Amino acid sequence: MCGIVGYVGKKDCVNVLLDGLSSLEYRGYDSAGILTMQKNNNNTYNLNICKTKGRVNDLKISAKQFGISGCIGIGHTRWATHGEPSDINSHPHMDSTSSIGVVHNGIIENYLELKDTLINKGYAFASQTDTEVIPNLIKDNYTGNTLDATITATALLKGSYAIAIVSKENPDEMIVTKKDSPLIIGKGDNEYFVASDIPALLKHTNKVYILEDGEFAKIKLNEITFFNSNKMKLDKKYKEINWSLEAAEKCGYPDFMLKEIFEQPTAVRKTINDNLKNNKFLSELKIDDKFVKSINKIYIVACGTAMHAGLSGKNLIERYLKIPVEVDIASEFRYRHPIINENTLMITLSQSGETADTLAALRLAKSENAKTLAITNSIGSTISREADHVFYTQAGPEIAVASTKAYNTQLATIYMLMISFAEILNIDVTKLKQEIETMANKIEIILNQSEYIETIAKTMFKEKDAFFLGRGYDYPVSLEGSLKLKEISYIHSEAYAAGELKHGPIALIETGTYVICTITDNELLNKSLSNIQEIITRGAKVILITNKKIDSKYYDYLIEIPDCPSEFSSMLSIIPMQLLAYYISKLKNLDVDKPRNLAKSVTVE
Ligand code: AGP
């Protein structure tokens with residue numbers, strides 16, 4: 001997610017901006033930049049920009065070489081959404097007369113039409129970004145002061161934004177405003193600090209103004225004035241923050257993993273967005289009907305959690321599209337001499353877009369003329385650049401090593417892909433298309449049970465072993481739940497197709513053995529209950545995750561999830577499993593965000 005910083009005061013702003021960007025690095029980014037208002041000897045002003053693809057440290061070197069300075073300035077770390085990571089696409093951006101500088105966090109959904117209008121008016125654009133329309137729109141509406149021009153310009157924007165603006169026309173002030181992206185203003189002694197969130201301010205001040213949607217602030221050396229979109233003055237009071245710096249980076253959550261578990265509704269909403277309206281999903285993929293109709297085999301290739309997401313897509317795609325699907329562990333795929341041709345579609349799932357095994361599988365598929373589609377959370381990643389087609393999940397940066405929100409957005413994307421392909425193939429998926437729009441709200445309902453799930457964790461955190469069982473759509477998600485428990489609590493855990501237990505593994509069930517069972521698949525309800533009966537008679541402790549009405553004799557602990565098509569149930573049943581694993585890890589005082597032996601992106605084979 002992008003990060004914004006700003007400064008208005010007496011100090012030279014460059015180090016303040018660079019330090020602020022450093023404290024926002026945890027949000028994930030691929031480029032960075034700063035802009036300062038430089039006063040010339042003849043009392044004129046220049047906007048000096050220094051920006052680069054890469055890290056904040058690279059920016060620090062460039063800024064030192066450039067000798068940039070000033071007392072008013074803005075800075076930005078970019079997490080690319082429109083336009084790949086590059087120097088020119090980095091923020092800040094200026095209008096084509098270089099008199100207005102802007103940094104922006106969010107997505108301007110109507111930027112293309114605005115850009116066309118501005119180009120027809122003679123404005124020139126240098127980047128591929130949506131952001132660059134903002135300074136030109138402000139310039140185009142400038143009639144004497146930057147605040148008025150900003151109010152008029154932002155009324156034309158659709159989408160989300162947090163914006164900081166400086167202008168040579170009003171060189172002693174900064175204008176900030178926001179809609180659906182956070183923006184905080186810190187109050188110092190005759191100086192003000194602007195940032196996307198509290199961590200970047202805390203070392204300077206704990207007095208903060210939280211800007212609300214549709215509010216504007218005009219910040220000068222020793223005064224700040226707030227306005228609404230009708231230019232009426234607002235009487236805003238600052239809040240005093242008593243968070244530690246580390247707590248602030250996690251927005252008050254104790255760990256990134258818990259923050260990311262609770263971000264899943266937002267992440268799923270952003271990924272689904274309006275991608276299922278008027279075939280936007282396929283146009284995002286740049287995939288045409290002819291290609292879809294030509295597919296006679298689909299491989300879904302990934303590692304770990306991403307592979308489990310792929311498994312959840314297999315049943316669905318084969319059931320509705322009648323196209324054979326094979327889900328392969330990436331590190332195995334290229335050594336088994338898979339059958340690939342020009343009618344093969346290879347889908348790679350990868351949060352990081354850098355996993356070496358998955359990248360190697362992609363390259364093999366391309367070498368044998370398959371069409372390749374990357375589903376990734378990382379814009380400009382190697383896998384995204386080498387695949388023929390790419391869809392970016394909008395989970396935002398996932399910092400915790402154990403994947404949670406990225407997994408759910410991968411599921412959502414696979415479901416959208418199946419729905420979009422089905423419509424091309426004239427297969428009726430109307431009900432599923434309606435249901436997928438409700439999933440984010442249903443995830444929220446389950447998250448409200450977090451305290452109850454923590455009480456269950458307290459009964460099992462000292463266990464040495466655990467099992468996960470599920471049938472049909474409930475089996476792949478059991479694999480993911482088991483991985484979550486393993487990787488952050490170090491409890492030995494195994495997942496089985498429930499019907500498979502009696503073929504050997506049931507020998508491991510003894511009195512008190514914990515078994516997490518999931519039942520959401522209507523067709524397999526009775527068989528699943530029979531499997532539970534088998535383990536209860538051998539003394540197992542059953543945690544049942546279900547949206548069916550089940551007699552209490554089948555469980556010791558019941559976690560109810562909202563009803564939904566069993567095709568999509570993994571998006572819901574995984575939430576209790578993530579929370580259970582998280583709380584058990586915390587109860588064992590383990591490093592839940594950085595488990596032993598693990599890396600967030602495995603870039604070696
Ligand atoms: C997820 O909890 C694990 N950290 C790991 O299995 C991960 O899913 C796997 O390494 C694949 O990573 P990717 O999605 O970035 O390719």
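In listed order, ligands and their atoms are each counted from 1. Here the structure is a predicted model, which is why all the values come from computation and not from measurement. These values consider heavy atoms only, across backbone and side chains, with no hydrogens, waters or symmetry-generated copies.
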Applied to residues 458-472, the side-chain hydrogen bond (donor to acceptor under 3.5 Å, both in side chains) test, sequence neighbours excluded, yields T459-Y514, D465-H492, R471-N531
Using salt bridge (charged side-chain N to carboxylate O under 4.0 Å, His left out) as the criterion, list what pairs up with K314, not counting sequence neighbours.
E318
Quick one: ligand 1 N/O to protein N/O pairs below 3.5 Å?
residue  : atom   : partner : partner atom : Å
ligand 1 : 2 (O)  : T305    : OG1          : 3.2
ligand 1 : 2 (O)  : S403    : N            : 2.9
ligand 1 : 2 (O)  : K484    : NZ           : 3.0
ligand 1 : 2 (O)  : E487    : OE1          : 3.3
ligand 1 : 2 (O)  : E487    : OE2          : 2.6
ligand 1 : 4 (N)  : V401    : O            : 3.0
ligand 1 : 6 (O)  : T305    : N            : 3.3
ligand 1 : 8 (O)  : T305    : N            : 3.1
ligand 1 : 14 (O) : Q351    : N            : 2.7
ligand 1 : 15 (O) : Q351    : N            : 3.4
ligand 1 : 15 (O) : S352    : N            : 2.9
ligand 1 : 15 (O) : S352    : OG           : 2.7
ligand 1 : 15 (O) : T355    : OG1          : 3.4
ligand 1 : 16 (O) : S350    : OG           : 2.7
ligand 1 : 16 (O) : T355    : OG1          : 2.5

For the backbone of L479 and the side chain of S482, can you confirm whether one donor and one acceptor N or O come within less than 3.5 Å of each other?
no
Per side-chain contact (heavy atoms from CB on, under 4.5 Å), D474 is matched among L524, L469, D521 by D521
N275: what forms a side-chain hydrogen bond (donor to acceptor under 3.5 Å, both in side chains) with it, not counting sequence neighbours?
none
For the side chain of S31 and the backbone of G54, is there at least one donor-acceptor N/O pair under 3.5 Å apart?
no
